[in-house]
*Asks:* 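Sharing a structure here in structure tokens format.
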Amino acid sequence: MRRIQAGSALSAFGLGFTVPYLYVYVAQVRDLGATTAGIVLAVFAMAALVVLPFSGRAVDRRGPVPVLLVASAVAAVGAVAMGLAASVPAAVAAAALLGAGTAVLQPALATMIVWCSAPADRTRAFALQFFLQNLGLGVGGLIGGQLVDESRPGSFLLLFSIEAAMFLVLAAVVGTVRMPGSPALRGTRPAEGGAGGGLRALLRHKAMVQLCVLGFVLFFACYGQFESGLAAYGTEAAGIQPSTLGIALAANTAVIVVAQFLVLKFVERRKRTRVIAGVGLIWAVAWIFAGYAGLGHGSQAMATAAFVSTYALFGLGEAMLSPTVAPLVADLAPEAMVGQYNSAFALVKQLALAVGPAVGGPMGAALHGPYIVTFVLFSLGITFLAVRLGRQLTPEQNQPSLAAKPSKVVARHRPERETAAV
């Protein structure tokens, strides 16, 4: 498990070097224009949507390690190709490889964590993964910002080369892991995928379908707004300076890093769906803070503080979700479909991240009041959907700590009566 977590952190560290600067690199450093940069980012996202429906079945049939090794190699090639891309076709092809490779890494790593952990330990394992990934992204972005120089394309080639090296290190570290079987919560999963298997079996699983709907709303209302709608709203309605956006994102990461293990004990002792419902309420308050920043009548300092607090509250909600949602996906999956369930949920997340900016960007820039009201309602919708999902789960699925408690029934041994000798 330590090697899996270390590899996950290293891959996030590599992504942190390049993701914040991809638009600037394509549009300005390579001088391919803003339109091409937008196309490259779209291809990066679309490649994930294309490969994720197939990656889950590959994980279940071949195992997560071989799939991760191939994905790491594809992502490494894509990273180097992006660093060398000097034309539109080259940049688009590199984005497709990089997007496809990185998209498969997460469900493969999630399946490895499931296979290497007992149900009672998954909450802590996924919380640690989320913590290390955020730390890796933050440190990678910080170091990358010191190395990058817009006047020297070679500095970006260095960044993409470091990213490629991290993908190869991930493959080398995780490739040494011997995977055990997948321990499950007894009596809480379907024994098989069901007749037809695959997507049809998943769609017949009401709890998983409801979790996917809830996941879409979660990612649409939070992650899908970070760098698009909320940023546009902050600069246009609240008068936030672009540099303040960086401070807000730093506050988000800081809250995640500080709060992750503080909230873990709180989360472990409570029902997962109640924790998710609480996140919806916290995020509703976050959007109200954002509304005050843009629509209130206070000073600019108050507006800035409220806007930064919005990102901080989002971070608190993320810290509560990380040990809750991903383990729940694993505990709902049939034994032979863990990879497909993880990939399906990753696909839902990717769809939300694609639709979120397309809807939130224009609204945040122009429709300030409706934008805030819309996402307050979406946040309250998270609470409603979480409560509804709780009715579909067994007590152990909703609160795995119940399965770990020793039984109060004490077995007593009674010697058998000796039979009379014939």
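Heavy-atom basis, side chains included; hydrogens, waters and symmetry copies ignored. The shown structure was predicted, so the numbers you read here are calculated from the model rather than taken from an experiment. One is the number of the first residue; the rest follow in order along the sequence.
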*Asks:* With a cut-off of 6.0 Å (strictly less than), are more than 12 heavy atoms of other residues, nucleotides or ligands near CZ of R274?
*Replies:* no
*Asks:* Where do A305 and S309 come nearest, in terms of heavy atoms and distance?
*Replies:* O-OG, 2.7 Å
*Asks:* Atom CH2 in W283, atom CD1 in I288: separation rounded to 0.5 Å?
*Replies:* 15.0 Å
*Asks:* Show, in sequence, the C-alpha distance, side-chain angles and deciding distance for V74 and F167, and conclude whether the side chain to side chain contact (heavy atoms under 4.5 Å, CB included) test is met.
*Replies:* CA-CA 9 Å; V74 171; F167 289 134; over 6 Å; no
*Asks:* In residues 36-43, what donor-acceptor pairs under 3.5 Å come from side-chain atoms, sequence neighbours left out?
*Replies:*
residue : atom : partner : partner atom : Å
T36     : OG1  : L32     : O            : 2.9

*Asks:* Could you report the tightest heavy-atom contact between R270 and Q399, atom names first, then the distance?
*Replies:* O-CG, 3.9 Å
*Asks:* Contact between L105 and L170 at the side-chain level, heavy atoms closer than 4.5 Å - yes or no?
*Replies:* yes
*Asks:* Y233 side chain to A290 main-chain N or O, any donor-acceptor pair under 3.5 Å?
*Replies:* yes
*Asks:* If the condition is side chain to side chain contact (heavy atoms under 4.5 Å, CB included), which residues does A171 pass it with, not counting sequence neighbours?
*Replies:* L69, S72
*Asks:* Listed by chain and number, what are the side chain to side chain donor-acceptor pair (under 3.5 Å) partners of T273, not counting sequence neighbours?
*Replies:* N398
*Asks:* If the condition is ring-ring contact (aromatic ring centres under 6.0 Å, His included), which residues does F307 pass it with, not counting sequence neighbours?
*Replies:* Y311
*Asks:* For D60 and Q340, does a side-chain donor sit closer than 3.5 Å to a side-chain acceptor?
*Replies:* yes
*Asks:* What residues form a side chain to side chain contact (heavy atoms under 4.5 Å, CB included) with T383, not counting sequence neighbours?
*Replies:* A277, L281
*Asks:* What residues form a side chain to side chain contact (heavy atoms under 4.5 Å, CB included) with A344, not counting sequence neighbours?
*Replies:* L202
*Asks:* Determine yes or no for a side-chain-to-main-chain donor-acceptor pair under 3.5 angstrom, with Y341 supplying the side chain and D331 the backbone.
*Replies:* no
*Asks:* How long is the span from the CD1 atom in I372 to the CG atom in L377, to the nearest 0.5 Å?
*Replies:* 11.5 Å
*Asks:* If we check side chain to side chain contact (heavy atoms under 4.5 Å, CB included) with L218, which of these qualifies: V348, I382, L385?
*Replies:* I382
*Asks:* Could you tabulate the donor-acceptor pairs under 3.5 Å formed by side-chain atoms of residues 312-321, not counting sequence neighbours?
*Replies:*
residue : atom : partner : partner atom : Å
E318    : OE1  : Y223    : OH           : 3.1
E318    : OE2  : N252    : ND2          : 2.8

*Asks:* Got K349 and V325 here, is their nearest side-chain heavy-atom distance under 4.5 Å?
*Replies:* no
*Asks:* Is it the case that more than 12 heavy atoms not belonging to F219 sit under 6.0 Å from its CZ atom?
*Replies:* yes
*Asks:* Find the distance between NE2 (H205) and CE (M337) and round it off to the nearest 0.5 Å.
*Replies:* 10.0 Å
*Asks:* In a table with atom names and distances, give each donor-acceptor pair under 3.5 Å that connects a side chain of residues 76-89 to protein atoms at least two apart or in another chain.
*Replies:*
residue : atom : partner : partner atom : Å
S87     : OG   : A90     : N            : 3.4

*Asks:* Considering all heavy atoms of both residues, which atom of A293 and which atom of A306 are nearest to each other, and what is their separation?
*Replies:* CB-CB, 4.0 Å
*Asks:* Using the side chain to side chain contact (heavy atoms under 4.5 Å, CB included) criterion, which residues pair with L264? Sequence neighbours excluded.
*Replies:* T123, R124, A127, F261, E268, P323
*Asks:* Does the side chain of V65 come within less than 4.5 Å of M112's, by heavy atoms?
*Replies:* yes
*Asks:* So among L328, L211, L332, L52, which one has a side chain to side chain contact (heavy atoms under 4.5 Å, CB included) with F345?
*Replies:* L211
*Asks:* Write out all pairs satisfying side chain to side chain donor-acceptor pair (under 3.5 Å) with one or both partners inside residues 45-56, taking only residues at least two apart or from two chains.
*Replies:* S55-S343
*Asks:* For V308 and A251, which heavy atoms make the closest approach, and how far apart are they?
*Replies:* CG1-CB, 3.7 Å
*Asks:* If the condition is ring-ring contact (aromatic ring centres under 6.0 Å, His included), which residues does F378 pass it with, not counting sequence neighbours?
*Replies:* F220, F375
*Asks:* To the nearest 0.5 Å, what is the distance between CZ on R30 and OH on Y25?
*Replies:* 3.5 Å
*Asks:* Do L68 and T111 pass the side chain to side chain contact (heavy atoms under 4.5 Å, CB included) test, and can you show the C-alpha distance, the side-chain angles, and the key distance before you say yes or no?
*Replies:* CA-CA 10 Å; L68 186 140; T111 303; over 6 Å; no
*Asks:* Can you list everything that forms a ring-ring contact (aromatic ring centres under 6.0 Å, His included) with F44? Sequence neighbours excluded, please.
*Replies:* none
*Asks:* Answer whether the closest heavy-atom distance between the side chains of L214 and Q210 falls below 4.5 Å.
*Replies:* no
